[in-house]
There are 2 protein chains.
Amino acid sequence: MAAVDLSTHPGHLARRLQQAHYLLWNVMVSEEITSPQFAVLNTLVAEPGLDQRTVGERVGLDRSTMSEVITRLGRRGLLDKVRDPQDGRRFLLRLTEDGVRTHRRLTVRTARMNQVFLAPLSEGEQSQFFELIRRVADAAEELRSPAEPLRQDPDRLGAAPAPDVARHGGDPVTS
Amino acid sequence: MAAVDLSTHPGHLARRLQQAHYLLWNVMVSEEITSPQFAVLNTLVAEPGLDQRTVGERVGLDRSTMSEVITRLGRRGLLDKVRDPQDGRRFLLRLTEDGVRTHRRLTVRTARMNQVFLAPLSEGEQSQFFELIRRVADAAEELRSPAEPLRQDPDRLGAAPAPDVARHGGDPVTS
DNA sequence: AGCAATTAATCAGGGCACTGAGTATTTCAG
DNA sequence: CTGAAATACTCAGTGCCCTGATTAATTGCT
């Protein structure tokens, strides 16, 4: 009776989307290298010698997960990790030959997979798809890290913001 | 040089979207009950007495994860798990009073959170958002499980039902 | 009836994701 | 210059997510 329709819950959809992607990735791209691992390789192809924290920032992995992922990639011999002589807290990351080769190989497959994954959408819809998800994700990230301090009360996380939202009478997820 | 733009990779976007949702959920909904757990509660409000497998099917959780989630919810006293007297392999699931109360409380907060989460999109864009994600996720799921034969046509059980895929010529991320 | 699939659930194991605590190193303030 | 604060990384603990193997119960086939 009081149950809601999960198909109108963005979190539920996001989870299903990611699961679907995970499965297709395993089939079409690699069973060894995961999508987050590929993101790390990709970042280091563009900018060799970054430290872990910065790579994590680029691809959206937190410090702990980053640590694990780097360990795995290092274990597979895809990257080297050396202490920064300038700053002994940092580790600088650089792909090995094998890492570069692996990235190149997976890039091709990833492109193919993306086509299959997005095949149900027209070209225009694909752009919309990217755009909408990006906007929602970016906005939610802003909520956490105020980024540019826009000079607002820092204490409104627990409260109910969004005074503009509740306009449409029949809200979609009410009991 | 050969690096790709991750913002055109649906998998990367899906991951970022889910992470953003996870964080907001923790702040605005609950630190105890997760979004997948809520999905299970929600299903059992609508259909008490389902077995684990069916609930997992409804919310998109595989048998293993389902087992863990059920254990946690049971440990918190939110649901009861009893063996099906008709079929001793199954466990039938039913919310406790506390489970129902928890679901009701979280339903309100979840609705608020969804509004905040989707606030960057207009009403029309929100519909698009749901629609596009749903279509992609559904299609990807079809790729794995050939769905159910709507007739009893006996000669297409093992056949591959999806001859579509590579259609539009101008691929955005070609090898 | 009796034995071979099939099915529901669990377990083992690998990986992603977060928080909070701990370690080492650098920076900064007095 | 020296002790406090900040920073980079690691570790412990929890939870989600998948596959493949295992266990227990049911169904199906002869």
Side-chain angles (χ1 to χ4, degrees), chain A residues 11-12 14-27 30-40 50-57 59-76 81-93 140-141 144-145, chain B residues 11-12 14-27 30-40 50-57 59-76 81-93 140-141 144-145:
Chain A
H12 187 248
R15 187 171 60 79
R16 290 216 309 130
L17 185 67
Q18 218 212 331
Q19 279 170 255
H21 177 266
Y22 173 89
L23 297 175
L24 196 56
W25 178 282
N26 262 323
V27 171
S30 171
E31 295 181 347
E32 309 275 307
I33 307 298
T34 66
S35 171
Q37 287 174 18
F38 175 75
V40 169
L50 288 185
D51 65 310
Q52 285 187 211
R53 191 194 62 75
T54 307
V55 174
E57 215 169 65
V59 301
L61 288 173
D62 73 300
R63 64 212 193 291
S64 282
T65 306
M66 199 57 206
S67 193
E68 296 177 20
V69 171
I70 293 301
T71 299
R72 282 174 209 122
L73 290 174
R75 209 164 49 208
R76 286 187 193 287
K81 173 172 145 180
V82 296
R83 233 173 234 288
D84 185 345
Q86 253 68 60
D87 184 340
R89 293 167 299 184
R90 287 186 168 85
F91 284 107
L92 303 185
L93 307 174
E141 274 171 14
R144 283 185 54 71
S145 47
Chain B
H12 186 248
R15 188 171 59 80
R16 292 215 309 130
L17 185 67
Q18 218 213 332
Q19 280 170 257
H21 177 267
Y22 173 89
L23 297 174
L24 195 57
W25 177 281
N26 262 323
V27 172
S30 170
E31 293 181 348
E32 309 277 306
I33 308 298
T34 65
S35 171
Q37 286 173 19
F38 174 75
V40 169
L50 288 185
D51 65 309
Q52 287 187 209
R53 192 194 61 74
T54 307
V55 174
E57 214 169 64
V59 301
L61 289 173
D62 71 301
R63 63 212 194 288
S64 281
T65 306
M66 199 57 205
S67 192
E68 297 177 19
V69 171
I70 293 300
T71 299
R72 283 173 207 122
L73 290 173
R75 208 165 50 208
R76 286 188 193 288
K81 173 171 145 180
V82 297
R83 237 178 231 284
D84 185 344
Q86 252 67 61
D87 185 340
R89 291 168 301 183
R90 288 188 167 84
F91 283 106
L92 303 184
L93 306 173
E141 275 171 14
R144 284 186 58 70
S145 50

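Note on naming: letters A, B, ... go to the chains in the order of the sequence lines (proteins, then strands), and numbering restarts at 1 for each one.
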Expected output is a numbered-order residue list: members of residues 17-25 of chain A with a heavy atom under 4.0 Å from any atom of DNA chain C. What is it? none
Between [X] ([atom1]) and [N] ([atom2]), how many Å, whole number?
{"X": "B:Asn26", "N": "D:dG15", "atom1": "CG", "atom2": "C1'", "answer": "11 Å"}
{"X": "A:Leu61", "N": "C:dG15", "atom1": "CG", "atom2": "C1'", "answer": "12 Å"}
{"X": "B:Arg90", "N": "C:dT7", "atom1": "CZ", "atom2": "C1'", "answer": "8 Å"}
{"X": "B:Gln37", "N": "D:dC17", "atom1": "CD", "atom2": "P", "answer": "10 Å"}
{"X": "A:Glu141", "N": "C:dA17", "atom1": "CD", "atom2": "C1'", "answer": "14 Å"}

Readout for nucleotides 21-27 of chain C: B = base within 4.0 Å of protein heavy atom, S = sugar-phosphate only, - = neither; 5' to 3' it is B---BS-
Flag side-chain contact, heavy atom, 4.5 Å: A:Arg16 against B:Glu141: yes
Are A:His12 and B:Ser35 packed together at the side-chain level, in the sense that at least one heavy-atom pair is separated by less than 4.5 angstrom? no
Between the protein and nucleotides 1-5 of chain C, list the N/O to N/O atom pairs that are separated by less than 3.5 angstrom.
none

Residue-phosphate contact under 4.0 Å: [X] side-chain N/O, [N] OP1/OP2:
{"X": "A:Ser67", "N": "D:dC9", "result": "no"}
{"X": "A:Arg53", "N": "D:dA6", "result": "no"}
{"X": "B:Lys81", "N": "C:dT10", "result": "yes"}

Check every strand shown and say whether B:Thr34 touches a base, only sugar-phosphate, or nothing at a heavy-atom separation below 4.0 Å. sugar-phosphate
Contact class for B:Glu68 (heavy atom, under 4.0 Å): base, sugar-phosphate, or nothing? base
On DNA chain C, compare the nucleotides closest to B:Phe91 and A:Gly60; which residue's is nearer the 5' end? B:Phe91
